[in-house]
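Take a look at the structure below.
All values derive from a computational prediction rather than experimental measurement. Chain letters run A, B, ... following the sequence lines, proteins first and then strands; every chain starts at 1.
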Amino acid sequence: MTIPNRFDHSEAAPQISRAWEDAGCAHAEVDHDREPFCIVIPPPNVTGALHLGHGLNNTLQDIVVRVKRMQGFQTLWMPGTDHAGIATQAVVERRLKEQENKTRHDLGREALVARIWQWKAQYETRILGQLKRMGCSCDWRRTRFTLDDVCASAVRATFFDLFGKSLIYRGKRLVNWDTFLQTAVSDDEVFNETSKGSFWHIRYAVIDPKPGEPKHVEIATTRPETMLGDTAVAVHPDPEQALEKVEQELRAKLAEANEKEIPEIKTQLQDLADRRANMLPKLLQLRDMALDGRKCMLPLVDREIPLVADIWAKPALGSGCVKITPAHDANDYEVALRADLPMINILKPDGTINGEGGKYEGLAIPKARKQVVADLDALGLLGEIEDRDIELPHSDRSKTPIEPYLADQWFVAMDQLSQSAMDAVTDERVKIFPERYRKGYLDWLSEKRDWPVSRQLWWGHRIPIWSANLPSQQKAAELAAQVEKLSAGSQDQITHRVGENEDGSYSLFVCLRDENESLEASVEALGLERDPDVLDTWFSSALWPHSTLGWPTRTPELEYFYPTSTLITSRDIITLWVARMVLMGLNNIGEVPFREVFIHPKILDGLGETMSKSKGNGVDPIDIIDRFGPDALRFGLARLATDMQDVRMPVQYECPHCQKLIDQTKKSRSLATLDCPGCKKTFSTQWAESDADLAHPRAAVVSERFESARNFVNKLWNAARFVLMNMDRYQPQPVAIESLPLEDRWLLSRLSTVTQQVTDAIEHYHFAEAARVLYDFAWDEFCSFYIEIAKPRLSDDGLRATTQSVMVHGLDQLLRLLHPSMPFVTESIWGFLNEAASERGIPEPVSTAEFVMTSAWPDSIRHHYDESIERQFTEFQEVIGAIRRIRASQQIQEVVPVSIRCSAASEKLLDPMRPYFASLAGADIVQLGPEARPFEMDAPLAIPSIDIDVHVNLEEFIDFDAELSRLEKLRDQLDKQINGKKQKLSNENFVSRAPQNVVAKERETLDDLLRQRESVEGDIQRLKAKVE
RNA sequence: GGGCGAUUGGCUCAGUUGGUUAGAGCGCCGUGUUCACACCGCGGAGGUCACUGGUUCGAAUCCAGUAUCGCCCACCA
């Protein structure tokens, strides 16, 4: 048997992938004779390449998918990518700006979209390539893209349906306006950044103040330029009561406060009392003026604005009055709705002041702010200026500040839809693991906030709405009638609605179901214009589980695989994505999209930060694969998948010259080049851009946390080599379990247990546990004991054949169990194993599948489990360990004679194991049994909790001092434990209240310890006597 | 402000329903290569389980509080 002495993954993996592909191992067709199992991939964004977070996500999916496939399910893993609307457009636009200094408007819609398609093609290829190299067993023939025709028709059908049900509507909304990208971004795409700013106090003059009335109202703002859009100043309708309420709350807090908090609360209470005394009369006065319809003069633009009474004005804060800028502040917008105030938008889409701003028109915000402040100062209307830390919202996409901005948007009404998705989780039609994530899901949905779905972008599903503005309801109805005529031939293709606008005009909205150029042309011929916006990217993602299966067509795949079985994803998109898939699935199909959701941890770097390209700590799985191999990547990731919400993964640069790993630090990960501390040569990092930097070879970003997984792959490979090198003269033969010796029975028993544990663990998404169980079994049991014991047996002609049968079976089962997490190395070994022993198995050999990938998942064979055999074997292992410890402490090189005093029962066990003491512990058993006597000069070692004394003949090796100190240390340890136990057992409460079996166990252990101590003490005395 | 999570040897993490002496990998120390594997074998050192209280015969584990760190959500004239 020729098997290379190293597993070369770079050579083997591509061949294995091709073989699987050629055999169609991962392809799934509808098969009603088998039960379906389906997972849809969380489609990675085509924004960029995958990092380790995706690596983990897809490894876990593949593990589940491979297990299910081996278990005989008709298993489909649906692959694909997401167009990621705003993210992708932003990346391409940024590059356009950097490389060609052009904006999207220079290019135009079509050309920009064409560019993004190019980008998509490039990254989709890269992403799918990454997944393939990781060994993901997706059904690649079914690969989808959220913007492809199949998904598009699902989007259109859904939009049409919701529009028809009036669940999609047009409304005004304060959006997060990104002035760079000139689009609204969702709340989720906004991050806050704290920066130094000022808090300006400004006075507005009261018009015609009566005697005794204030001449000014004072307001304060961090954004003074927004005053250009002010349409009111608000004061609380009942400031006295409001203050009282705040005070009550503070007192309640004070009652529960700890010492630290008390002074602060007291200060606040004092402030409140001051306000009552000094400000309340003025606020009451202003409130009365507001109710009286009095007005202020808005300076600079000289507009009369009313004083209004509104609860939004908090008398406990600032001056108690607040400026109202409905078009640029969410709360003010609410106030304006309540008080029926005009809303004045002062910004152009590019973030400069528009015509409403009078002489400030055309100024960008920072300039306008400066000017407004200066002019107010000149008018003497500027009060105090405080320095303040201000949290400014920024666009996650363009990294520029967000401006709140009132715009027309399309919304999905979420009331019913959210409720349906909540019910699905509450009544466990969808189960979420770990369970703690249910709460976040339910809380978010329970707010039932309407979903703004339009985006002012060019990359995405274009909103299928055509509209026209009409001066009257009459005209709108007439146009609607014409549209009706168009729909005569296509009843289910076209629908419309009329809406009234603020200015009294009417809008006709027409929604077309499918893409249909002639119909569109007819609609446009009637003077309707297509909405320029596209849909939020999550709109198409929400349909993913059914759109990929062909919906709205009722395909056989849809009928068979939907609802899918499970969804494996990370926690940041539980609301954005998971919740929306549930409600869309329920709306479109009437059935949940998946039965279970598993949320896996996020991978953080060594500094505890999430990985991302922009931080420079993102790890490309390919870099890990190049260095450690795909199996090590996967196994290493799988053992990280615990119940935790985060796992930490310190990352290193790999020196391209000497392969040394260099820890990343906050500083080093932002540099373009670094010098290797090992070989002193320079390498470039992912930040390298200049030619000078790029002249140095690039360092991969890796993590040494994959080392032990790589070593494990090597260990498995070598265990397999050993088996294969000992397969000559192998004959498949039936094996009678009962006739097997202890070590074989032990292996079979352990296999039964391990199989059960691994199967259960994966079933419950405990991937780390499955990995650990397999690692320990393979390394510490199969390799360290079974193979070591097999060595002498294989050279014994009488035992060789059985040994081969059991050993091959063990390897076979281990390969199957490990295959889902380490597909390549197991498949490679499987191939060799099939050459050496195509028929194998216990008790009856059978011929095996060509691929381990398509072989059957092992059953846990109950009757192979034998508790007493496992316990006996543990005793044997303890004895081996005891001899090894003595050898190590005495530095013994040669084979040593050993005598073992044990019970008759243990003798029965240990006697057949005699031959293996030589290879496992370098020991030759000369006496064994109750009658065994210590040597003249020996090293005793009692074994905890087992009634066995081991004596090693030290005549030729003994180092008295070493032995004496070892024994004394042992005695001290025993004393400590004995005292602990004695104390415990003398505690009457323990004896009377603890369960009897626990007490009995403690007594037993104490007896044991006492016996050991006695023995050790005797040994010490004897040794001392010898020395003297 | 609300919620979630974490804190266990130098590092990264396990630790099922409370019950002998808290485990692993890496690192460290000692030792060993003809006979599967130095990406290895064998042995060892190293932890008052963040802190304070409580429940209990018994707490890394359950409860309350404190501290530190991280994440999510809301809000900030």
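Among the nucleotides B:rC42, B:rG43, B:rC26, the one closest to any side-chain atom of A:S784 is B:rC42. When each of B:rC39, B:rA36, B:rG3 is scored by its nearest atom to the side-chain atoms of A:K439, the top-ranked nucleotide is B:rG3. Comparing B:rA36, B:rG25, B:rG43 by their nearest atom to the side chain of A:S708 picks out B:rG25. Checked against B:rC26, B:rC39, B:rA36, the side chain of A:A719 finds its nearest nucleotide in B:rA36. Candidate nucleotides B:rC73, B:rC39, B:rA36 were compared by shortest atom distance to the side chain of A:R449, and B:rC73 ranks first. Considering only side-chain atoms of A:R571, the nucleotide from B:rA36, B:rC71, B:rG44 that sits closest is B:rC71. Listed nucleotides: B:rC39, B:rG70, B:rA36. Nearest to the side chain of A:N718: B:rA36.
Rounded to the nearest Å, the gap between the P atom of B:rG23 and that of B:rG15 is 15 Å. Using C1' as the reference atom, B:rU7 and B:rG44 are 29 Å apart when rounded to the nearest Å. The same atom, P, is picked in B:rU66 and in B:rC29; the two are 44 Å apart, to the nearest Å. B:rG43 sits 23 Å from B:rU34 when the C1' atoms are compared, rounded to a whole Å. Look at the C1' atom in both B:rG41 and B:rG58: the space between them is 40 Å, to the nearest Å. Comparing the P positions of B:rA14 and B:rA24 gives an interatomic distance of 16 Å, to the nearest angstrom. Going from the P atom of B:rA59 to that of B:rG54 covers 12 Å, rounded to whole Å. Spacing of P atoms, B:rG30 relative to B:rU21, comes out at 32 Å, to the nearest Å.
Contacts of A:E435 with the nucleic acid, taken as non-hydrogen atoms under 4.0 Å apart, are absent. Residue contacts shown for A:K323 are absent, as no nucleic acid heavy atom lies under 4.0 Å away. Counting any heavy atom pair closer than 4.0 Å across all strands shown, A:W312 reaches sugar-phosphate atoms only and no base atom. A:R884 comes within 4.0 angstrom of the backbone, heavy atoms only, and of no base.
Looking at A:E447, its side chain has no donor and acceptor atom pair within 3.5 Å of the base of B:rA74. A donor and an acceptor atom sit less than 3.5 Å apart, one in the side chain of A:R710 and one in the base of B:rC39.
Partners of A:R338 under the salt bridge (charged side-chain N to carboxylate O under 4.0 Å, His left out) rule, at least two apart in sequence or in another chain, are A:D310. Annotation: salt bridge (charged side-chain N to carboxylate O under 4.0 Å, His left out) contacts of A:K982 (sequence neighbours excluded): none. With sequence neighbours left out, the side-chain contact (heavy atoms from CB on, under 4.5 Å) criterion links A:H9 to A:F7, A:P630. In this structure, the side-chain contact (heavy atoms from CB on, under 4.5 Å) partners of A:E763, at least two apart in sequence or on a different chain, are A:K68. Considering only residues two or more places apart in sequence or on other chains, A:D443 meets the side chain to side chain donor-acceptor pair (under 3.5 Å) condition with A:K439.
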Throw together a table of side-chain donor-acceptor distances under 3.5 angstrom for residues 764-773 of chain A, partners on residues two or more places apart or in other chains.
from, atom 1, to, atom 2, distance (Å)
A:H764, ND1, A:D760, O, 2.9
A:Y765, OH, A:T566, OG1, 2.8
A:Y765, OH, A:E596, OE1, 2.6

Side chains of residues 777-791 of chain A: which donor-acceptor pairs under 3.5 Å do they make with residues two or more places apart or in other chains?
from, atom 1, to, atom 2, distance (Å)
A:E781, OE1, A:R750, NE, 3.0
A:E781, OE1, A:R750, NH2, 2.9
A:E781, OE2, A:R750, NE, 3.0
A:S784, OG, A:W779, O, 3.0
A:Y786, OH, A:D744, OD1, 2.5
A:E788, OE1, A:K791, NZ, 3.2
A:E788, OE2, A:K791, NZ, 3.1

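The number of heavy-atom neighbours closer than 6.0 Å to CD of A:E447, taken from other residues, nucleotides and ligands shown, is above 12.
For A:E788 and A:D572, each mapped to the nucleotide of RNA chain B holding its nearest heavy atom, the one lying further toward the 5' end belongs to A:E788. Each of A:A720 and A:F712 was matched to the nucleotide of RNA chain B holding its nearest heavy atom; the match closer to the 5' end belongs to A:A720.
Within the structure, a side-chain polar atom (N or O) of A:K791 is placed less than 4.0 Å from OP1 or OP2 of B:rA36. Contact between the side-chain N/O atoms of A:N714 and the OP1/OP2 oxygens of B:rC40 is not found at any separation under 4.0 Å.
Residue pairs meeting the salt bridge (charged side-chain N to carboxylate O under 4.0 Å, His left out) criterion with at least one member in residues 717-728 of chain A, sequence neighbours excluded: A:D728-A:R800. The list of salt bridge (charged side-chain N to carboxylate O under 4.0 Å, His left out) pairs with a residue in residues 221-231 of chain A, not counting sequence neighbours, reads A:E225-A:R369, A:D230-A:K323.
Applying side chain to side chain contact (heavy atoms under 4.5 Å, CB included) to A:H600 and the options A:L56, A:V647, A:T642 leaves one that passes, A:L56. Screening A:L637, A:V619, A:I625 against A:F706 for a side chain to side chain contact (heavy atoms under 4.5 Å, CB included) leaves a single residue, A:L637.
As a whole-Å value, the separation of A:Y437 OH from B:rC73 P is 13 Å. Across the protein-nucleic acid pair, A:L576 atom CG and B:rC71 atom C1' stand 15 Å apart, rounded to whole Å. Between A:E781 atom CD and B:rA24 atom P there is a gap of 14 Å when expressed in whole angstrom units. Regarding A:I624, its CD1 atom lies at a distance of 16 Å from the C1' atom of B:rC39, rounded to whole Å. Atom CZ of A:R436 and atom C1' of B:rC4 are 8 Å apart (whole Å). One atom, OH of A:Y786, and another, C1' of B:rA36, lie 15 Å apart when rounded to the nearest Å. Distance A:E707 CD to B:rC39 C1': 8 Å, rounded to the nearest Å.
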Atom pairs, N/O to N/O, protein against nucleotides 10-13 of chain B, distance under 3.5 Å?
from, atom 1, to, atom 2, distance (Å)
B:rU12, O3', A:R648, O, 3.4
B:rU12, O2', A:R705, NE, 3.1
B:rU12, O2', A:R705, NH1, 2.1
B:rU12, O2', A:R705, NH2, 2.6
B:rC13, OP1, A:R648, N, 2.5

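Against RNA chain B, the stretch residues 769-780 of chain A makes heavy-atom approaches under 4.0 Å through A:R772, A:Y775, A:W779.
When only modelled atom types and interatomic distance are considered, A:S708 and A:R639 share a side-chain donor-acceptor pair under 3.5 Å.
In RNA chain B, consecutive stretches of 3 or more Watson-Crick or G-U wobble pairs with both distances under 3.5 Å are given as paired ranges: B:1-7 with B:67-73, B:10-13 with B:23-26, B:28-32 with B:40-44, B:50-54 with B:62-66.
Put simply, the side chain of A:E704 never gets that close to the backbone of A:Q652: no donor and acceptor are under 3.5 Å apart.
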